[in-house]
Amino acid sequence: MEEKQELYKQRTEKLARIGELGEEPFRYSYSRTHTVRQAYERYEENKAGSSDTNVKLAGRLVALRSHGKSTFADLKDDSGKIQIFFGLQDLGQEKYEFLAKLVNIGDFIGVEGGVFTTRTNQVTVRVQNFSLLTKSLRPLPEKWHGLKDIETRLRQRYLDLLSNDEVREIFRKRSGIIKSIREFLDARAYIEVETPMLHPIPGGATARPFVTHHNALDRDLYLRVAPELYLKRLIVGGFEQVYEINRNFRNEGLSPRHNPEFTMLELYHAYVDYEYVMSLVEEMINHVARTLNGSTTLTYQGNAIDVKAPWPRMPFFQAIRQFAGVDMEPISDADAAREAVSNLTLDLDPSAGYGKICDELLKTYVRPNLISPTFIVDYPVELSPLAKSKRGNPRLVERFQPFIGGLEIGNAFSELNDPIEQRRRFESQMKLRERGDEEAQRLDEDFVTALEYGMPPAGGLGIGIDRLVMLLTDSSTIKDVVLFPQLRTVTETVPEE
RNA sequence: GGGUGGGUAGCUCAGGUGGCAGAGCAUCGGCCUUUUAAGCCGGUGGUCGAGGGUUCGAAUCCCUCCCCACUCACCA
């Protein structure tokens with residue numbers, strides 16, 4: 001089917017001719033001496049001393065401008081793009097013919113030659129010898145407009161990466177962000193750990209899990225929705241500062257801010273509370289922003305933002321009063337809560353309880369307004385079954401969420417370490433489950449047992465890495481910061497019998 | 001799942017009052033030894049998202065379906 005395509009046929013014919021000439025169209029290696037960027041740097045250094053700069057470069061041909069007996073081309077590698085010059089005189093008839101007849105845009109080649117500047121002052125490699133490294137059998141996206149079609153960009157991300165430099169830049173930044181987080185944490189004596197992805201009981205977050213099946217054990221397992229309960233077991237086990245940067249899976253809808261698999265930093269630190277963790281988040285985001293941009297200021301979707309510490313702390317109920325105009329604090333049951341929000345535009349599930357209604361208010365009315373970094377602190381206990389009660393107010397928990405640019409980028413609390421209270425919280429979650437709330441958390445007996453052995457006081461933190469990357473790369477959708485985001489699968493249209 | 005917009009050559013896009021399916025780039029052939037979106041001349045390339053219907057005739061009108069984007073719902 002594919003083979004019928006004209007361009008593909010032409011390329012495979014060239015492939016055959018290359019073979020007949022005794023050349024290998026898919027080479028094993030090429031020992032380059034410089035990257036493209038290094039070639040430019042080297043040339044600049046040598047210009048003063050006027051010594052020759054000879055280089056061997058490897059990359060993909062992204063443009064060809066042939067003038068008969070001479071040909072200009074652009075060679076692109078991971079570090080940049082450089083013009084190369086092929087002359088009949090330099091290469092000889094046979095080699096030049098090979099270039100003209102058998103090499104295409106899209107092919108990988110290795111070139112060897114001296115660096116010079118053309119009369120239009122363009123730094124160029126004068127090719128003395130070249131090797132075809134990989135023959136490309138399909139045409140590249142158009143050079144000028146690039147690849148625009150979003151569906152192709154996401155389904156064939158490699159094409160997006162090779163034709164849109166700014167896309168590669170985002171993922172380079174993503175790597176830098178994660179690296180700087182590790183640097184920051186490693187420098188503070190945290191150790192990085194790995195905990196299971198396959199959970200017998202999904203826990204640690206209020207979310208619907210993916211289910212899978214283990215054949216040998218003949219039992220269902222769940223892809224983790226959060227590593228939280230395992231990381232806390234490590235705190236029980238005597239580690240005092242641990243973190244994990246890894247994937248979580250939640251069986252929920254897609255949106256500009258949600259991908260079913262997403263990367264989360266989770267961190268636990270013994271003997272500290274959420275106040276300490278707040279400072280840690282401020283410092284960490286400052287460190288990451290500085291490392292990435294050299295500054296704590298950034299622009300997100302047209303808003304100038306400064307992540308410089310300290311960030312304001314705003315109590316949950318105060319935020320709702322301020323942005324939604326209702327006071328939920330004196331209210332404690334679902335009916336009264338529903339009554340209180342009746343004249344707001346809020347779509348509520350009929351089964352929504354008090355906590356859920358408060359959460360909805362936060363998302364709808366508060367979050368979009370939190371552009372400069374803000375901690376919302378002290379959440380209602382109903383929303384947070386794993387957080388420790390607020391000192392002096394048992395209706396609240398010591399929990400905070402950092403918001404920047406209207407994005408919820410994390411979640412943290414003083415960790416609940418009272419096993420008896422933890423069991424009660426799980427039990428009230430189980431009641432929500434029985435009432436049909438599929439996201440309510442399940443009782444993890446083994447986790448409660450661990451707490452019964454004693455978990456030191458601890459602060460815990462989760463940071464949504466994808467959203468942080470969105471913020472730092474000014475991306476409006478999570479699909480722009482995930483290399484291979486989830487898309488609907490293309491279904492083959494089967495003709496009817 | 002609902003609403004809106006979209007899917008035409010490998011890529012970027014026109015066409016759309018029903019009447020031979022187009023351009024630029026890519027590709028192939030020819031000319032051309034300093035171009036850089038090189039240029040000039042000539043070709044190839046299409047299930048117009050899929051299927052069905054109306055019609056003498058459908059890319060265009062109607063129905064069903066698929067995929068994408070935005071948005072609402074759901075959720076982190």
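In what follows, chains carry the letters A, B, and so on, assigned in the order in which the sequence lines appear, proteins first and then strands, with residues in each chain numbered from 1. Values below: all heavy atoms of this structure, side chains included; hydrogens, waters and symmetry mates excluded.
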Give a yes/no on whether any side-chain N or O of [X] is located under 4.0 angstrom from OP1 or OP2 of [N].
X	N	value
R155(A)	rC68(B)	yes
N259(A)	rC75(B)	no
K148(A)	rC11(B)	no
K356(A)	rC75(B)	yes

**OP:** May I ask you to say what R367(A) touches in the nucleic acid, namely base, sugar-phosphate or nothing, with a heavy-atom cut-off under 4.0 Å?
**Re:**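 It contacts nothing in the nucleic acid.
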Original post:
Reckon G106(A) touches a base, only the sugar-phosphate, or nothing at all at heavy-atom distances under 4.0 Å?
Top reply: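 Result for G106(A) = nothing.
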For [N] versus [M], give the span between their [atom1] atoms, rounded off to a whole number of Å.
N	M	atom1	value
rA69(B)	rC31(B)	C1'	46 Å
rU33(B)	rU27(B)	C1'	24 Å
rU34(B)	rC20(B)	C1'	45 Å
rC63(B)	rU4(B)	P	12 Å
rG30(B)	rG15(B)	C1'	32 Å
rG2(B)	rA58(B)	P	31 Å
rG29(B)	rC68(B)	C1'	39 Å
rG52(B)	rU60(B)	P	14 Å

Among [options], find the nucleotide with the atom closest to the side chain of [X].
X	options	value
P141(A)	rC11(B), rA76(B), rC32(B)	rC11(B)
S66(A)	rG24(B), rU34(B), rC32(B)	rC32(B)
P139(A)	rU33(B), rG10(B), rU35(B)	rG10(B)
R467(A)	rA26(B), rC11(B), rA76(B)	rA76(B)
D149(A)	rA69(B), rU12(B), rA76(B)	rU12(B)
I105(A)	rA37(B), rC25(B), rU27(B)	rU27(B)
F116(A)	rC74(B), rC11(B), rU34(B)	rU34(B)

Subject >> RNA chain B contacts made by residues 11-19 of chain A, counting heavy atoms under 4.0 Å >> reply: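 Here the set is R11(A), K14(A).
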Original post:
To the nearest angstrom, how far is L7(A) atom CG from rU44(B) atom P?
Top reply: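 These atoms are roughly 14 Å apart.
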Original post:
How many Å lie between CG on D480(A) and C1' on rC68(B), as a whole number?
Top reply: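 D480(A) atom CG is separated from rC68(B) atom C1' by 14 Å.
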**OP:** Take nucleotides 1-9 of chain B nucleotide by nucleotide from the 5' end and write B, S or -, depending on whether a protein heavy atom sits under 4.0 Å from the base, only from the sugar-phosphate, or from neither.
**Re:** ---------
Should [N] form a Watson-Crick or G-U wobble pair with both distances under 3.5 Å, which nucleotide is its partner?
N	result
rC65(B)	rG49(B)
rG39(B)	rC31(B)
rC25(B)	rG10(B)

Subject >> Distance under 6.0 Å and angle within 45° of ring axis: K95(A) vs F130(A) >> reply: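 Flagged: K95(A) positioned over aromatic ring of F130(A).
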Subject >> F171(A) six-ring face occupied by R157(A) cation (under 6.0 Å, within 45°) >> reply: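 No, R157(A) does not lie over the aromatic ring of F171(A).
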Which atom of [X] lies closest to which atom of [Y], heavy atoms considered:
X	Y	result
L383(A)	K356(A)	CD2-N, 4.4 Å
D378(A)	K390(A)	OD2-NZ, 3.0 Å
L362(A)	Q401(A)	CD2-OE1, 4.1 Å

Between [N] and [X], counting only base atoms on the nucleotide and side-chain atoms on the residue, is there a donor-acceptor pair under 3.5 Å?
X	N	result
Q10(A)	rU44(B)	no
T118(A)	rU35(B)	yes
H258(A)	rC75(B)	yes
R119(A)	rU34(B)	no

**OP:** Could you tell me whether D466(A) and R257(A) have a side-chain N and a carboxylate O separated by less than 4.0 Å?
**Re:**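 R257(A) and D466(A): not salt-bridged.
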Original post:
CD/E97(A) to CG/L21(A) distance, rounded to the nearest 0.5 angstrom?
Top reply: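 Between E97(A) CD and L21(A) CG, I get 10.0 Å after rounding to 0.5 Å.
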